[in-house]
Amino acid sequence: MTGSAAPRARRSGTRTPPGTPLPRKFYDRDTAIVSRELLGAVLECRTPEGVASGRIVETEAYMGPHDPACHAAAGLTARTKHLFGPPGVAYVYFIYGMYWCFNAVTREVGHGSAVLVRALEPLDGEDLMRERRPKVKRRVDLTNGPGKLCLALGIVGAHNGGWLDEPPVRILAGEPVADADVVVTPRIGITQAADWPLRFFVDGNPFVS
DNA sequence: ATCCGGATCGCCT
DNA sequence: GGCGATCCGGATG
């Protein structure tokens, strides 16, 4: 007869053919699952200077108002407007007076959760990344951190609030990463909820921060 | 009006 | 491993 109900975790993401944008529904799920499944996907940014993209190898989940490390804990403000908006848009914020960080908003409107992309492995536009980061010597330093990857791809505040299935900033399906190759640890650089296991990365990948 | 801390990076020792 | 850069958001007076 008909098979039993399949597990829900991998519905949309891994079925999307590589190179095509992840559908908006992909993001409308538990934030830790989205964080895990974003590993292997491709973050791309198109600017007048050209296209730059990289394979996502490290992410962190920020779980909403009840997660003290999440910006949503401060409530709905001008800054967190898109964090509380629909899933599948970019939440880009400015930090430490000089860097941008890129997140993908997850879950339903009003929830306030997102996935921070912490590291990429360069794919297209590496020359452009070099032009944008002229002081970088080692290739790994191009994109092995949340501020660095935004500098390399050209992601800035103007991209805040944009849909992730259409330019200029998109996330495309890639080759899935097997569970055996995923490591889970506490998040980096935070003081609140510092022990929650919500950081995901590809085991052994040199671009992990 | 002012103060403080921050989901970081790069350079220093 | 430590610290300065440099600015914004949110809290307090």
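Treat the numbers as computed from the prediction; the structure is a model and nothing was measured. Each chain gets a letter, A, B and so on, in the order its sequence line appears, and its residues count up from 1.
The cationic atom of A:R187 (NZ for Lys, CZ for Arg) lies less than 6.0 Å from the six-membered ring centre of A:Y62 and within 45° of the ring axis.
Contact of the A:I56 side chain with the A:L120 side chain is registered, since non-hydrogen atoms from C-beta on lie closer than 4.5 Å. Looking only at side-chain heavy atoms (C-beta outward), A:V177 and A:F200 stay at 4.5 Å or farther from each other.
Although no hydrogens or angles enter the test, the distance criterion places no donor-acceptor pair under 3.5 Å between the side chain of A:R170 and the main chain of A:P21.
Between A:L198 atom CG and B:dA7 atom P there is a gap of 15 Å when expressed in whole angstrom units.
For A:R133 and B:dC9, the shortest distance from a side-chain N or O to OP1 or OP2 is not below 4.0 Å. Here A:T191 reaches the OP1 or OP2 of B:dG6: one of its side-chain N or O atoms lies under 4.0 Å away. Distances shorter than 4.0 Å separate some side-chain N or O of A:K148 from OP1 or OP2 on B:dG10. The shortest distance between the side-chain N/O atoms of A:T80 and the OP1/OP2 oxygens of C:dG9 is not below 4.0 Å. Phosphate proximity of C:dG9 to A:H71: absent, as no side-chain N or O sits under 4.0 Å from OP1 or OP2.
Using N1 to N3 plus N6-O4 or O6-N4 for Watson-Crick, or N1-O2 and O6-N3 for G-U wobble, each under 3.5 Å, B:dA7 pairs with nothing.
Residue ring and nucleobase are stacked for A:Y96 and B:dT8, with a centre distance beneath 5.5 angstrom and an angle between planes beneath 30°.
Looking at heavy-atom distances under 4.0 Å, A:D141 makes no contact with the nucleic acid at all.
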